[in-house]
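Working notes, structure below.
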Amino acid sequence: MLLLEKVKKTYIEPDGSPLPILDIPRFAVAKGEQMVLVGRSGCGKTTLLHVIAGISSADSGSITLDEVDITQFSEAGRDRIRADKLGYVFQTFNLLQGFTALENVMLGMTFGRSRKDSSRARDLLDRVGLAHRMTHKPSTMSVGEQQRVAVARALANRPRILLADEPTANIDPSNQQLIIDLIRERCEEEEVALVMVTHSTEVAEQFDRVDRLKDINRVISDVKPTKPKSENSKREIS
Amino acid sequence: MSLWKIAWRSVQQRGLASALTAVSMALGVMLVVVVLTIHGVVSKSFRSNSTLGYNMIVGARGGSLQLTLNTVYYLSKPVENISYDYYLEFLSQERRAEELKHSIAYNSMQAERRVSEIQVMASSAAGPPGLHSLGTFLALDAVTEAAEEELGGNRSGKYAPYCDFVIPLCLGDYFGNYRVIGTTPALFDDFYYDLDNELKYEIEQGRNFHHFDEENGYFESVVGGAVARDMNVKVGDKINPSHGVPGGHTHQRQFTVVGILALSGTPNDRAVFVNMEGFYLMEDHALDLKKGEDEEDPEAAADEAAETNADPMHDDHQHDLEQKIEPLPVEQRQITSMLARTNSPIVVPGLVKTINREKEAQAVLPVEEIYGLFNVIVRPIQNALLLLTGMICLVSGVSILVSIYNSMSDRRHEIAVMRALGAGRGTVMSVILFESVILSLGGGLVGWIAAHSMNALASPWVEAQTGVSIAFWSLAPKENILALISYEMEWMIYPELLLIPALILLAIIVGFLPAMSAYRTDVAKSLGK
């Protein structure tokens, strides 16, 4: 469903020197698969998600989503792919403050080709337990509620894959599991593949597949690996 | 969710800044609409007499514009007069004869007096009395015929075949600050000021003045609606015109107000119309007779009698005196100008050329003069005002630019989120442009409503001053906007409607810079986590 091959990404430092971030020979996620990516801060996890989402372009290599190589697309084409096939949950929720919960969810389907269906937005909010908060603005909601709105928004356009960038990092421990369960349940329900970045071993332990970025990214392969905290963690790295 | 709604939410989110920006645009648009309305009112007021019901003014030689202002608007300094004889050249034989009958009678009277003197002398000489009587009769008849011949009472005026009607005007007196115009009852009885719609000047109260009335003699007047209101004049009142200038010497002669005109939005609202025969009979209005002729003019005795009988107790006596006053002979009359309508537009150029070739008078085409004045003086002022208010709108547009642009640093994150959700660069650019359009059009709408509310509030005052009514929904009159490019092209449109595309264009122009800023937003950098 998602396949990255020979993907490289290099940033240019202010002094003009190159800073390689990604060099991934292969990375694949199957349809409906749920996995986590772990790695130390600054190792390129968010950059990898951005490259998959087409927010940043790869310098080389191919990224195939649903058998379509999105690196061949122009920026506008990648925007369309993102609008139609990808969902994104941010660490800081990134809800638009001027919009109600319902409008934030509807924003998720505004830019894609899927039907702008307010009943789906209501249904999603209902399923994340926010039926009573639809007309509330983010500033009046708890962080847990905000992240639930963000999850509903990410699923609004019926994506093929959901990218979640440390979705529980800013959430109190009592709500963390709730959010993880919510994301996993909704993805399972809608057959959406899930790639979640996390620092939390508790979160990582719940997944069958846990990839360490250092194992899939050659740029940081020489860096001392972060020891996985769970013996049950599995790797599926080429 | 539509992009408009996203833009509107953004406007709402920055409520105060958005409101202030929209208010600035509202003020600009309000000023534009007010200027357009004033333009419309002035234009309508100016042109309300351009469908004058007449197509030519004949008056003394001099400035054609001054003659037009004097005759159409009763403005500017009074022009010189032209002879009554010249006026008679525009009348049919029948009307000439009617006009001249007093002069013929007067000449006959003079001749009779001279014949009587001769008769007295002859009676002292030898001869049969019957022969004297026959001689006297023949002599009188010969003198009357000669007078009629000399005055031209038995022919048609040389310009009469080309004119449907002619109405004389005599100016020079005032009632308060309002012009007094001596004219004939035809101005209100027969004259259509709007031929297409068959509109006559309407007398709201009372009736038109008569050429001669049993009760008031030649001294009746009809007062314009604005004059009646401002000077508190009612039907039955007596008014004394002042001579020459406002507040000048007041004539002893009183005119009885017999009618008050309905407001028509024309300069007639601000004028007093008196019977021309009475006008001539006021002191200082009669021309001196030629040297050697009897200089006793008919009104002198009556004026004298009237002055000595000014006491109201002598009203009956004065009434009797007024009944005895005869109209002034044509030799002692002049007119200021005349309104003429030709029987065909084809004859106008030739007629104007012929009249202007003569030394006595000039003919002007009032519509041409009015439009000339409007285009030369009024329009440039209004264009300058429009330019000024347009600049205010431009400044308001710049305030939109500043407002949105300043908000961009705070909004990069939002824009990045939208981009992350799949919005393209063009989409976020559109959202910013829509926001600019909302502020511009929203402000413009508020300004339009404010301006039209002001118009509606000021309407009674404007109507009283100009006769032009402006309702809330009244738009400034249509203009040929292609005239800015070429007078040969024409596209008449309400200028206020042009505000909509103008405001959208302005919004796009001023929104372009912040929109480009949104377009260039680096998503990965602005998104953070």
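The chains referred to below are lettered A, B, ... by the order of the sequence lines, with proteins before strands, and numbering in each begins at 1. Values below: all heavy atoms of this structure, side chains included; hydrogens, waters and symmetry mates excluded.
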Check this for me: [X], atom [atom1], are more than 12 non-hydrogen atoms of other residues, nucleotides or ligands nearer than 6.0 Å?
| X | atom1 | answer |
| --- | --- | --- |
| A/Phe73 | CZ | yes |
| B/Phe472 | CZ | yes |
| B/Trp491 | CH2 | no |
| B/Met391 | CE | no |
| A/Lys137 | NZ | yes |
| B/Tyr405 | OH | no |
| A/Glu13 | CD | yes |

With rounding to the nearest 0.5 Å, note down the distance linking [atom1] in [X] to [atom2] in [Y].
| X | Y | atom1 | atom2 | answer |
| --- | --- | --- | --- | --- |
| A/Ile55 | B/Ser526 | CD1 | OG | 11.0 Å |
| A/Thr92 | B/His413 | OG1 | NE2 | 5.0 Å |
| A/Phe99 | B/Lys5 | CZ | NZ | 9.0 Å |
| A/Tyr88 | B/Leu527 | OH | CG | 6.5 Å |

_Counting only non-hydrogen atoms closer than 4.5 Å, does B/Leu3 touch chain A with its backbone (N, CA, C, O), its side chain (CB onward), both, or neither?_
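The answer is the side chain of B/Leu3.
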
*Is it the side chain or the backbone of B/Gln12 that comes within 4.5 Å of chain A heavy atoms, both, or neither?*
neither

_Note, A/Thr110 side chain near B/Leu421 side chain (heavy atom, < 4.5 Å)_ = no

*Would you mind reporting whether B/Met418 and A/Leu96 have side-chain heavy atoms less than 4.5 Å apart?*
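When only atoms from C-beta onward are counted, B/Met418 and A/Leu96 do touch, with a gap below 4.5 Å.
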
*Pick from B/Gly426, B/Ala416, B/Ala420 with the largest number of heavy-atom pairs that fall under 4.5 Å of chain A*: B/Ala420

*chain B contact via A/Glu75 - side chain, backbone, both or neither, heavy atoms under 4.5 Å*: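 Side chain of A/Glu75 only, per the 4.5 Å heavy-atom cut-off to chain B.
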
*Identify which part of A/Arg153 has an atom lying under 4.5 Å from any heavy atom of chain B, answering side chain, backbone, both or neither.*
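Side chain only.
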
*Side-chain donor/acceptor of A/Arg82 to backbone N/O of B/Arg419, under 3.5 Å*: yes

_Nearest non-hydrogen partners of B/Ala524 and A/Ser56, listed with the distance_ =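 B/Ala524 and A/Ser56 have their closest heavy atoms at CB-OG, 3.6 Å.
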
*Identify which of A/Met106, A/Arg80, A/Met109, A/Glu103 forms the greatest number of heavy-atom pairs closer than 4.5 Å to chain B.*
A/Glu103

